[in-house]
2 protein chains.
Amino acid sequence: MARENKTRFAVLGLLSLKPMTGYEMKGIIPKSVGYFWNESFGQIYPMLNQLANEGLVTGVEETEGRHHRIRYTLTDTGHQALRDWLAVEPEYYSLRDELLLKLFFGKETEVAVLRGHLEKALASSRRQLAVYQGIEAELKAIINPRTQTRFSLITVRKGLHWEQAQIEWCLESLAALPPVLQPQEAEPQEPHPQ
Amino acid sequence: MARENKTRFAVLGLLSLKPMTGYEMKGIIPKSVGYFWNESFGQIYPMLNQLANEGLVTGVEETEGRHHRIRYTLTDTGHQALRDWLAVEPEYYSLRDELLLKLFFGKETEVAVLRGHLEKALASSRRQLAVYQGIEAELKAIINPRTQTRFSLITVRKGLHWEQAQIEWCLESLAALPPVLQPQEAEPQEPHPQ
DNA sequence: TTGGACATGTAAGCCGTTACATGATTAC
DNA sequence: GTAATCATGTAACGGCTTACATGTCCAA
């Protein structure tokens with residue numbers, strides 16, 4: 001029980017980058033942690049309110065004849081809460097990989113279907129790899145890197161390793177699967193395992 | 001909208017291996033799809049009832065002086081539902097990686113904390129890699145492999161690639177992080193980005 | 001004047017885990 | 001007899017996504 005709400009710390013972490021509004025946070029996510037962490041408005045706004053009630057952040061309304069917006073800042077307590085959480089060993093995440101599930105039950109379908117899935121995954125990983133390579137180049141091109149750059153680079157490198165592994169595995173699996181045969185020379189069906 | 005319930009197809013897929021009870025299913029998962037897919041009793045039993053109501057599976061009570069148990073079998077309709085789902089392009093899964101989140105906010109904590117996380121992850125991946133290598137060896141040692149063996153091998157190979165990538169990335173990141181310094185020679189703090 | 005971006009929030013509803021409830025059988 | 005395993009479920013709770021509601025400001 002006592003399941004911890006991770007959104008909490010994602011929000012605190014983002015506020016540690018700089019004070020921002022909920023709307024800005026949602027916009028910054030795809031450019032920062034979005035490759036490995038996501039949050040929706042439905043969680044950001046209630047969480048910001050909750051954190052404000054608990055004194056971990058302070059919200060300041062900016063209503064100078066413009067949009068009604070609330071800019072949140074980490075308090076010392078909030079900063080310490082973030083630090084405490086950072087020191088806790090991260091929980092391994094229980095993944096749910098639909099591609100693997102479909103491949104595992106592969107004998108129930110045609111090889112062509114599986115090859116199609118693998119080729120889509122391969123193309124997707126190649127695209128994503130290029131994206132990460134671009135980000136990596138950008139980060140490395142910064143003349144006077146901040147400390148943040150170093151940590152951004154570490155997370156991007158994870159993406160690079162991950163996509164490279166996915167690409168290798170896709171190619172290997174495509175090679176391991178029998179080619180798509182013409183109907184008249186189709187493999188005889190094996191009986192289901194009992 | 002219209003969010004599809006994936007548990008549905010995991011259950012159908014497992015029943016395609018052989019007819020089984022809900023309890024058996026829960027026991028078989030860790031030895032089959034458990035490395036990339038999990039289900040709890042709280043989902044398995046209601047789903048089996050639902051699938052039976054829809055005619056995708058049939059449940060036969062076995063009450064021969066023993067435990068009350070219900071063994072479920074795929075119907076033709078259920079088998080076709082599985083095949084239809086297998087042909088649909090798998091959705092990419094939105095991962096949530098707590099280790100990456102902590103590393104991304106790494107400037108808020110000590111390098112020693114981050115090194116600790118990475119070393120734990122490294123050790124964990126090395127253990128898991130050995131597990132996958134064991135399974136791979138077992139699968140390859142089967143003299144007359146069934147079709148299922150081929151697909152099990154493909155999913156295990158994914159695990160191997162994944163863990164190897166994780167290990168490489170951990171080592172690289174540990175090398176990239178500054179060593180843990182003594183307090184008197186600590187790096188000067190950079191200001192927060194604005 | 002109308003559409004899009006800015007901006008904050010709530011409600012519905014499903015998903016998933018955990019704990020609880022119940023009871024039979026088997027091994028010690 | 002008692003604990004573990006077999007066996008099926010339900011209930012509570014929280015997480016997360018999506019849709020909805022509301023309103024401002026600005027540019028074409």
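Reminder, nothing fancy here: chain letters follow the sequence lines and each chain counts from 1. Both backbone and side-chain heavy atoms feed into the values below; hydrogens, waters and symmetry mates do not.
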Under 4.0 Å between a side-chain N or O of B:T7 and OP1 or OP2 of C:dG16? yes

Nearest heavy-atom neighbours spanning B:H117 and A:V88: CE1-O, 3.3 Å

B:Y23 and B:F41 aromatic ring geometry - parallel, tilted or perpendicular at 30°/60° bounds: parallel

Produce the list of close N/O pairs, under 3.5 Å, pairing protein atoms with atoms of nucleotides 10-12 of chain D; give distances to one decimal.
none

Would you kindly give the CZ-to-C1' distance between B:R71 and D:dT8, to the nearest whole Å? 14 Å

Spacing between A:L48 atom CG and C:dT8 atom P, to the nearest angstrom: 9 Å

Step by step, would you call B:E168 with A:R157 a salt bridge (charged side-chain N to carboxylate O under 4.0 Å, His left out)? CA-CA 10 Å; B:E168 279 165 39; A:R157 293 288 306 164; over 6 Å; no

Measure CD/B:E39 against P/C:dT17 and give the value in whole Å, please. 7 Å

Under 4.0 Å from any atom of DNA chain D, heavy atoms only: list the residues of residues 24-36 of chain B that qualify, in numerical order. none

Heavy-atom pair of closest approach, residues B:W37 and B:K6: CZ2-CB, 3.4 Å

Would you indicate, yes or no, if C:dC15 has its OP1 or OP2 atom less than 4.0 angstrom from a side-chain nitrogen or oxygen of B:Q43? no

Separation of B:I44 atom CD1 from D:dT8 atom P, in whole Å? 10 Å

D:dT17 phosphate, OP1 or OP2: any side-chain N/O from A:S40 under 4.0 angstrom? yes

Going by distance alone, is a donor N or O of one side chain under 3.5 Å from an acceptor N or O of the other, for B:Q164 and B:W162? no

Quick one: is B:T21 getting a side-chain N or O under 4.0 Å of the D:dT8 phosphate, OP1 or OP2? yes

N or O in side chain of B:N5 less than 4.0 angstrom from C:dC15 OP1/OP2: yes

Take the protein atom CD of B:E62 and the nucleotide atom C1' of C:dT25, then report the distance between them rounded to whole Å. 15 Å

If you apply the rule side-chain hydrogen bond (donor to acceptor under 3.5 Å, both in side chains), what do you find for B:H161 with A:E172, and how did you get there? CA-CA 10 Å; B:H161 279 286; A:E172 175 193 297; 2.8 Å; yes

Give a yes/no on whether any side-chain N or O of B:Y23 is located under 4.0 angstrom from OP1 or OP2 of D:dC6. yes

Roughly how many Å is it from CD in B:Q50 to P in D:dT8, rounded to a whole number? 18 Å

We want to know whether B:D76 and B:Q80 form a side-chain donor-acceptor pair, criterion being a heavy-atom distance below 3.5 angstrom. no

Whole-Å distance between D:dG15 P and A:E91 CD? 12 Å

Per atom distances to the A:H68 side chain, the nearest of D:dG9, D:dC16, C:dT8 is C:dT8

